[in-house]
Amino acid sequence: MTDMTDEALLARVLTPYKAHCRYLRSAVVNENDGRVSVRCEFEISESCYIDDTGHLNSVEVNICYNQMMYFLVAKTVQDGLGSGFADWTLDDFFKHQLPDILIARFTSNFRRPVDPRAFSGEMEFRSVSRRTPPDGSPFLYADTAFRYWDTASGRCDGEATLAFVNIL
């Protein structure tokens, strides 16, 4: 089992986001028996699009997921973790980060309200595989799971399917 954090990489991964939308504060990547996951701390002092709702909402769940997923992929590539991104370099990740990493399916379940001012999250890759459809270009297909929680027993969890396109 290996735990890894990287503040410089985190700052670079969050560069495409507007300053007031950089919700991910810290992230630690874990590799255990070939499975890669990340545990994160978030803070949303002010929503980027709506008046204060007092709880984490679906738009912010998605933004936080994107930020933790991008960091997990970048750290996986940088440190050669797992097997799904073995052919990528860090330059490849940053080239693909915005245009070629797609959320094909996203579901979230709100169990109890989560305080957006300070909460934790984690995400794991359940599987990453290369697929080539009969009439198209190869892509990476990834199943992921995530969850968020706070100190007052707030809870949200979900799953997302990713497609990494234009990988040639």
Side-chain angles (χ1 to χ4, degrees), residues 1-17 21-44 56 58 60-98 100-112 114-131 139-164 167:
M1 182 168 96
T2 307
D3 286 335
M4 296 155 276
T5 189
D6 188 324
E7 291 180 23
L9 182 62
L10 178 59
R12 187 169 175 203
V13 165
L14 296 178
T15 297
Y17 290 87
C21 293
R22 294 177 187 156
Y23 301 149
L24 179 55
R25 299 295 184 227
S26 66
V28 176
V29 170
N30 179 39
E31 182 182 41
N32 191 359
D33 294 328
R35 293 194 72 152
V36 183
S37 62
V38 64
R39 182 168 177 154
C40 303
E41 299 300 322
F42 295 93
E43 176 187 334
I44 302 174
L56 189 64
S58 62
E60 293 158 343
V61 163
N62 198 314
I63 292 170
C64 291
Y65 173 85
N66 285 351
Q67 292 178 7
M68 99 177 131
M69 177 269 295
Y70 285 147
F71 181 78
L72 181 56
V73 174
K75 189 70 172 165
T76 298
V77 168
Q78 176 181 276
D79 294 352
L81 307 174
S83 60
F85 303 96
D87 296 339
W88 280 28
T89 66
L90 205 49
D91 286 339
D92 291 332
F93 166 77
F94 286 109
K95 180 178 96 178
H96 292 292
Q97 181 180 4
L98 295 183
D100 299 325
I101 301 176
L102 312 175
I103 296 177
R105 185 180 60 81
F106 190 87
T107 62
S108 56
N109 305 299
F110 292 86
R111 309 296 183 179
R112 287 182 294 280
V114 175
D115 180 358
R117 304 288 183 265
F119 64 101
S120 302
E122 61 187 10
M123 176 199 159
E124 71 171 339
F125 281 110
R126 290 185 170 163
S127 67
V128 179
S129 60
R130 185 181 178 103
R131 296 190 177 181
F139 67 98
L140 294 176
Y141 178 91
D143 278 321
T144 70
F146 67 92
R147 71 183 187 106
Y148 302 112
W149 67 94
D150 64 19
T151 59
S153 299
R155 184 173 160 219
C156 172
D157 57 49
E159 297 176 338
T161 301
L162 305 172
F164 296 76
I167 59 173

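- Between the NE2 atom of His96 and the CD1 atom of Ile101 there is a distance of 8.0 Å, given to the nearest 0.5 Å.
- Between Ile167 and Leu140 there is a side-chain heavy-atom pair separated by less than 4.5 Å.
- Here the side chains of Cys64 and Phe119 are in contact, with some heavy-atom distance below 4.5 Å.
- Atom OG of Ser120 sits about 8.5 Å away from atom CG of Asp150, to the nearest 0.5 Å.
- Across all non-hydrogen atoms, the minimal contact from Glu124 to Ser37 is CB-CB, 3.8 Å.
- Between Val73 and Trp88, the shortest heavy-atom distance links the atoms CG1-CZ3, 4.3 Å.
- For Arg131, the side chain to side chain donor-acceptor pair (under 3.5 Å) criterion is met by no residue, not counting sequence neighbours.
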Starting from the C-alpha separation in whole Å, work towards a yes-or-no answer on side chain to side chain donor-acceptor pair (under 3.5 Å) for Tyr65 and Ser108. CA-CA 10 Å; Tyr65 173 85; Ser108 56; over 6 Å; no
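- Using a 4.5 Å heavy-atom cutoff, the side chains of Arg105 and Glu159 are in contact.
- The distance between the ring centers of Phe93 and Phe85 does not fall below 6.0 angstrom.
- Proximity of a side-chain donor or acceptor of Arg112 to a complementary backbone N or O of Ser153 within less than 3.5 Å is detected.
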Give the intermediate values and the outcome of side chain to side chain contact (heavy atoms under 4.5 Å, CB included) for residues Leu162 and Ile103. CA-CA 5 Å; Leu162 305 172; Ile103 296 177; 3.8 Å; yes
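- No donor-acceptor pair closer than 3.5 Å links the side chain of Arg147 to the backbone N or O of Gly121.
- A heavy-atom distance below 4.5 Å is not found between the side chains of Asp91 and Lys95.
- Contact annotation: the side chain of Leu9 approaches that of Gln78 to within less than 4.5 Å [non-hydrogen atoms, C-beta and beyond].
- Asn30 has its side chain out of reach of Arg39: every pair of non-hydrogen atoms, C-beta onward, lies at least 4.5 Å apart.
- How far CZ of Arg130 is from CG of Asp87: 7.0 Å, rounded to the nearest 0.5 Å.
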Can you check side chain to side chain contact (heavy atoms under 4.5 Å, CB included) on Val114 and Val61, steps first, answer last? CA-CA 10 Å; Val114 175; Val61 163; over 6 Å; no
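- Rounded to the nearest 0.5 Å, atoms CE (Met69) and CG (Leu72) are 9.0 Å apart.
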Is there a side chain to side chain contact (heavy atoms under 4.5 Å, CB included) between Leu81 and Val29? Walk through the geometry before answering. CA-CA 10 Å; Leu81 307 174; Val29 170; 3.7 Å; yes
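- Summarising the geometry of Leu98 relative to Pro16, their closest heavy-atom pair is CD1-CB, 3.8 Å, with the distance given to 0.1 Å.
- Between atom CG of residue Leu56 and atom CD1 of residue Ile63 there is a gap of 10.0 Å, rounded to the nearest 0.5 Å.
- Residues Phe139 and Asp100 fail the side-chain proximity criterion, which asks for heavy atoms closer than 4.5 Å.
- The minimum heavy-atom distance between Leu10 and Ser26, with the atom names listed, is CD2-CA, 4.0 Å.
- Side chain of Gln67 to backbone of Leu14: no donor-acceptor contact under 3.5 angstrom is found.
- Checking side-chain atoms of Tyr148 against main-chain N and O of Pro116 turns up no donor-acceptor pair under 3.5 Å.
- Within the 4.5 Å cutoff, the side chain of Leu24 has no heavy atoms near those of the Val13 side chain.
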Steps toward side chain to side chain contact (heavy atoms under 4.5 Å, CB included) verdict (Phe42, Glu60): CA-CA 11 Å; Phe42 295 93; Glu60 293 158 343; over 6 Å; no
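- For the atom pair CD (Glu122) and CD (Glu41), the distance works out to 10.5 Å, reported to the nearest 0.5 Å.
- A pairwise comparison of heavy atoms in Glu43 and Arg117 identifies CG-O, 3.2 Å as the closest pair.
- Legend: residues meeting ring-ring contact (aromatic ring centres under 6.0 Å, His included) with Tyr23, ordered by chain and number and at least two apart, are absent.
- In this structure Asp157 satisfies the salt bridge (Lys or Arg N to Asp or Glu O under 4.0 Å) test together with Arg111, Arg155, sequence neighbours excluded.
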